[in-house]
Amino acid sequence: MTKSVVSIAKGTDIQEMVDRALAQLDGVDNLLKPGAVVFIKPNAGHPAPPETSVNTNPEVLKAVVAAVKRYKPKEIIMAEASAVGQDTLKALATAGLHQAAQEAGVDRVVDIKRLAKEDLVDVDVPDGVEIKKFRVPKMMVDADCVIGLPIFKTHLSMVFTGAVKAMKGVVDDRTHRKMHFVDLSEALFDLLAVSQPDISIVDMVRPMEGLGPMTLGKPVDFGCIVAGTDALAIDATCCRMTGIDVYDTYLTKGAKRGVGVIDEDQIEIRGNRIKEVYRKLDTPFLEGFSRYDGYCIYDENSCSSCMGVMMYVLEALKTQGKYDENKGISIVFGPKKDLPEEAARGKDLILVGKCVERFRDQGVFVGGCPPMAFGPVFAILKREDQEEEQAPVDAWKDAGAEDWLQAVEGKHKDKN
Ligand code: SF4
């Protein structure tokens with residue numbers, strides 16, 4: 001049986017780690033031939049600065065570009081489509097990735113969301129479970145080598161995000177949203193089946209633990225680069241390096257479909273051993289909503305975006321000592337035929353997201369699909385409706401809650 005090779009490089013010099021991680025793989029010379037067009041897909045989902053670890057570390061991007069350049073490629077493209085509703089170019093700039101790309105000599109930086117119709121191509125997924133066709137960048141399909149370059153992070157609704165989930169950033173907002181409305185993990189494997197990078201290089205230099213994947217998560221010094229050609233095997237290895245039970249994650253669905261492998265005896269580790277680099281990452285949300293004592297949460301049928309937002313909100317309330325004083329409320333989200341009978345009504349009923357808008361006259365409503373995290377927080381604290389466009393900034397100022405937000409962010413910074 002041929003095993004999937006996963007290369008681990010631990011150290012302090014990012015360039016040396018990237019070079020070593022690639023050197024430990026087979027066949028890189030065949031993928032990165034002179035004259036090749038290389039398509040690099042980093043993580044730049046949200047406009048957050050490099051020190052937050054929300055996006056790929058720009059120093060890792062520079063090291064990867066330097067390594068690729070040694071093979072004398074014809075062109076290096078860096079492309080991304082940030083999270084739904086986010087501006088990719090702003091995210092790339094804030095993350096320091098745009099500047100890093102320019103300094104490293106990337107030929108083209110591409111916002112996939114801004115590509116013209118003729119620059120996109122439909123790709124069928126014959127065995128697709130949730131999605132049978134994706135529209136992806138033509139330049140990615142035509143590239144000689146696609147490199148996935150994600151950062152590894154704990155994730156409120158998905159447990160973790162790494163090589164598999166990062167490829168969600170090659171589709172437009174419409175498809176991205178659609179993926180969240182079906183079984184996201186199956187949709188991820190539908191996409192991976194047609195967009196598996198030739199090489200995935202996972203940034204584990206300062207991965208995120210805790211309340212990821214956004215700024216309430218905490219970067220930790222891990223000092224590793226992990227690389228390979230099988231995104232599932234890479235993610236499974238990263239899980240084993242961080243104490244996440246592989247068989248308790250969405251990876252099992254991909255392995256069952258044969259998109260990659262996750263069993264230890266199917267993976268050959270090269271370079272550093274897992275036990276040499278092991279460090280448990282904090283994953284406080286693995287218990288699901290049952291840990292939120294005193295709150296009645298009705299999340300049936302909801303997609304992972306609303307689940308993630310609400311876990312973030314509840315954890316943020318705890319962090320700020322606002323959790324206990326709001327016990328007794330009901331929070332309802334996700335598509336529902338009827339409101340749960342036993343849920344509260346009136347000011348103690350928080351209805352979150354477009355799916356439950358039609359019940360808005362029976363409680364406090366928060367707009368958005370998915371809503372911004374500050375909308376539900378404000379609705380819980382003030383018991384007033386939050387329209388989608390109002391939530392992020394104005395309402396906070398009116399409520400005097402800006403201080404609260406700053407306190408959350410301040411606390412986050414202190415933790416680091
Ligand atoms: S409102 Fe929430 S649960 Fe409904 S589709 Fe939007 S993100 Fe999903």
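All of these numbers come straight from a predicted model, not from anything done at the bench. Whatever order the structure lists ligands and atoms in, that order sets their numbers, starting from 1.
Proximity to G353 (heavy-atom distance under 4.0 Å) selects the following atoms of ligand 1: 1 (S). Residue contact check: C306 has heavy atoms under 4.0 Å from atoms 1 (S), 2 (Fe), 3 (S), 7 (S) of ligand 1. Within the listing of ligand 1, atoms 1 (S), 3 (S), 4 (Fe), 5 (S) sit less than 4.0 angstrom from a heavy atom of C355. The contact set between ligand 1 and K354, taken as ligand atoms under 4.0 Å from a residue heavy atom, comprises 1 (S).
Within 6.0 Å of NZ on K327 lie more than 12 heavy atoms contributed by other residues, nucleotides or ligands.
At a threshold of 4.5 Å between non-hydrogen side-chain atoms, the residues D122 and R135 count as touching.
Between the side chains of S185 and K253, at least one donor-acceptor pair of N or O atoms lies under 3.5 Å.
Aromatic rings from Y295 and Y323 are positioned such that their centres are separated by under 6.0 Å.
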